[in-house]
Amino acid sequence: MAGETSWISHYDDRQRENGVFDSFLEVGEEGEKDASAVSLDVILPDDLLERILAYLPVASIFRAGCVSKRWHEIVNSERFLWNLSHVLPQKPWYFMFTSSDEPIGYAFDPVFRKWYNIELPCIGTSNWFIASSIGMVCFMDNDSRSELCICNPITKTYKKLEEPPGLKFSDYSALAISVNRESHIYSVAIVKSKQVPENFFQWDISIHVYNSVNRTWVTTVTEVLMGWRGGDESVICNGMLYFLVYSTGGGQPENRHALIAYNMSNRSSQGSLTKSFIPVPCSLTCGRLMNLKEKLVMVGGIGKPDRPDIIKGIGIWLLNDKTWEEIARMPHKFFQGFGEFDDVFASSGADDLIYIQSYGAPALLIFDTNHKQWKWSQKCPVTKRFPLQLFTGFCFEPRLEIAP
């Protein structure tokens with residue numbers, strides 16, 4: 001299928017036995033060899049060749065492992081993986097689910113503008129909660145919300161976490177993960193929200209944090225919010241946990257959403273959650289939070305003034321302290337390019353790329369925050385089979401050296 005590439009492994013038997021790497025194969029490129037690359041095999045010493053290969057995109061590193069036995073050994077060495085951890089971040093990929101029942105789909109590589117057919121480990125269905133940070137992805141089931149797994153979707157390494165504390169069956173849950181790029185230490189946060197019995201205006205909010213060093217969960221906040229409930233949007237940026245809350249008391253359209261900022265680094269000085277409310281920049285149909293270079297960015301559907309539940313456009317805002325700065329608004333031709341656009345949509349991002357996707361079609365739009373440029377991805381190798389078929393996805397940074 002045009003534009004589709006499936007992955008098969010070139011990693012050695014030792015790593016196969018440990019379950020570290022799965023296989024990769026570039027369809028139609030088995031016999032391609034670059035003569036200039038082979039000449040480098042003779043000229044360059046190992047340490048210099050390792051540094052050069054470490055700056056390649058992930059897909060090219062797997063191709064490099066097929067060039068020669070020497071290159072194969074280099075890209076599998078522990079020293080090479082150490083070099084990878086000291087180079088610039090990889091451009092984030094976007095994984096698009098193509099089934100509502102099974103966790104199957106394709107991953108888009110913005111460097112080569114190709115779709116890859118990859119399998120995700122330890123996820124049951126595409127409606128699980130998903131969060132990602134620097135090469136790791138966290139999954140949480142959508143039923144009991146007690147089954148959690150951290151994985152590297154490229155190498156397939158994964159680890160299951162203990163069941164989090166608190167309410168087992170919350171009305172709403174939001175999942176977030178933060179990975180330290182140098183130490184690979186990570187934290188997972190879950191915000192649970194449940195309605196107080198027979199009182200729609202009061203909602204129990206609790207925050208639970210997992211630390212990979214201690215390997216334990218800690219319940220850091222339990223509080224009752226008046227007139228606000230939690231949702232399913234949260235992200236960790238620079239030690240702060242941000243999550244959206246939704247009004248349960250009516251009010252003006254611009255007050256239907258709000259943002260709460262929770263300091264994970266200095267919990268003792270936090271005080272009440274209600275004191276950390278940040279208003280949203282305008283009337284929103286929905287909001288999607290993401291961490292771009294430790295800055296909080298929100299992609300939101302802009303509601304019509306007279307019909308706030310009807311989307312008229314999409315904006316992108318950056319939070320500076322407690323003030324929102326609009327950095328882009330989707331041009332109308334791209335907004336129309338989605339066809340029928342619902343008031344809610346999928347969006348996630350990392351580094352300097354933001355992905356936006358309609359639930360009703362496999363079209364994927366990319367915004368480059370560095371160059372202020374909008375462009376469509378290559379067409380995903382899947383077609384809509386029935387009218388109510390839904391599409392969603394998430395973005396992640398492809399890394400080889402990170403493991404949970």
Side-chain angles (χ1 to χ4, degrees), residues 94 96 172 174 176 227-235 237 242-261 277-293 295-350 352-377 390-395:
Y94 188 85
M96 183 184 297
Y172 297 93
W228 296 91
R229 65 162 178 84
D232 57 5
E233 276 297 314
S234 66
V235 71
C237 294
Y242 297 94
F243 58 96
L244 287 175
V245 290
Y246 305 81
S247 173
T248 60
Q252 297 299 316
E254 62 271 16
N255 296 326
R256 294 196 308 165
H257 299 78
L259 182 74
I260 290 182
F277 268 47
I278 300 174
V280 295
C282 64
S283 174
L284 298 178
T285 62
C286 73
R288 304 293 179 234
L289 306 177
M290 56 201 73
N291 179 341
L292 270 59
K293 297 179 178 178
K295 296 288 187 179
L296 177 67
V297 171
M298 180 173 68
V299 178
I302 303 172
K304 292 184 177 181
D306 55 335
R307 296 283 303 277
D309 56 332
I310 302 297
I311 189 171
K312 72 171 185 177
I314 293 178
I316 302 176
W317 296 269
L318 171 71
L319 185 67
N320 288 316
D321 193 16
K322 293 187 177 182
T323 303
W324 293 102
E325 172 192 351
E326 184 173 318
I327 59 175
R329 188 165 293 201
M330 184 185 294
H332 191 61
K333 65 176 182 178
F334 289 106
F335 185 75
Q336 287 183 316
F338 281 103
E340 184 178 350
F341 208 101
D342 294 330
D343 57 336
V344 293
F345 52 87
S347 182
S348 60
D352 54 11
L353 295 185
I354 295 174
Y355 293 95
I356 300 175
Q357 179 191 3
S358 167
Y359 288 136
L364 181 64
L365 184 63
I366 309 166
F367 178 67
D368 188 320
T369 61
N370 189 30
H371 298 95
K372 307 297 182 185
Q373 182 182 26
W374 299 85
K375 59 183 177 182
W376 296 102
S377 73
L390 299 179
F391 299 88
T392 186
F394 65 94
C395 105

Whether S348 side chain and C395 backbone form a donor-acceptor pair below 3.5 Å: yes
Can you give me the closest heavy-atom contact between Y246 and G231, atom names plus distance? CE1-CA, 3.4 Å
If you compare all heavy atoms of V299 against all heavy atoms of M290, which two are closest, and at what distance to 0.1 Å? CG2-CE, 3.6 Å
Stepwise, does the side-chain contact (heavy atoms from CB on, under 4.5 Å) test hold for T285 with K312? CA-CA 9 Å; T285 62; K312 72 171 185 177; over 6 Å; no
Heavy-atom check, side chain of D368 versus side chain of L353, under 4.5 Å: yes
Between atom CD1 of I314 and atom CZ of F367, what is the distance when rounded to the nearest 0.5 Å? 12.5 Å
Taking the side chain as every heavy atom from C-beta outward, state whether R256 and V280 have any pair of such atoms under 4.5 Å apart. no
Quick one: which of W376, F391, Y359 gives a ring pair (Phe, Tyr, Trp, His ring centres under 6.0 Å) with F338? W376
I need the F334 CZ to I356 CD1 distance, nearest 0.5 Å. 10.5 Å
Aromatic rings Y355 and Y94: how do their planes relate, parallel, tilted or perpendicular, breaks at 30° and 60°? tilted
Distance in Å, F243 CZ paired with Y172 OH, rounded so as to fall on 0.5 Å steps: 15.0 Å
Under the side-chain contact (heavy atoms from CB on, under 4.5 Å) criterion, do S234 and Y242 qualify, and how do the steps go? CA-CA 5 Å; S234 66; Y242 297 94; over 6 Å; no
How long is the span from the NZ atom in K295 to the OG1 atom in T369, to the nearest 0.5 Å? 12.5 Å
Please say whether more than 12 non-hydrogen atoms of neighbouring residues, nucleotides or ligands are located less than 6.0 Å from NZ in K304. no
Donor-acceptor pair, R288 side chain versus G349 backbone, under 3.5 Å? no
May I ask you to decide if G227's main-chain N or O and T248's side chain share a donor-acceptor pair within less than 3.5 Å? yes
If you count heavy atoms of other groups shown closer than 6.0 angstrom to NZ of K333, is the number above 12? no
To the nearest 0.5 Å, tell me how far L284 CG sits from D343 CG. 11.5 Å
What's the separation between atom CG in L289 and atom CG in L259, rounded to the nearest 0.5 Å? 6.0 Å
M298 side chain near W324 side chain, heavy-atom distance below 4.5 Å: yes
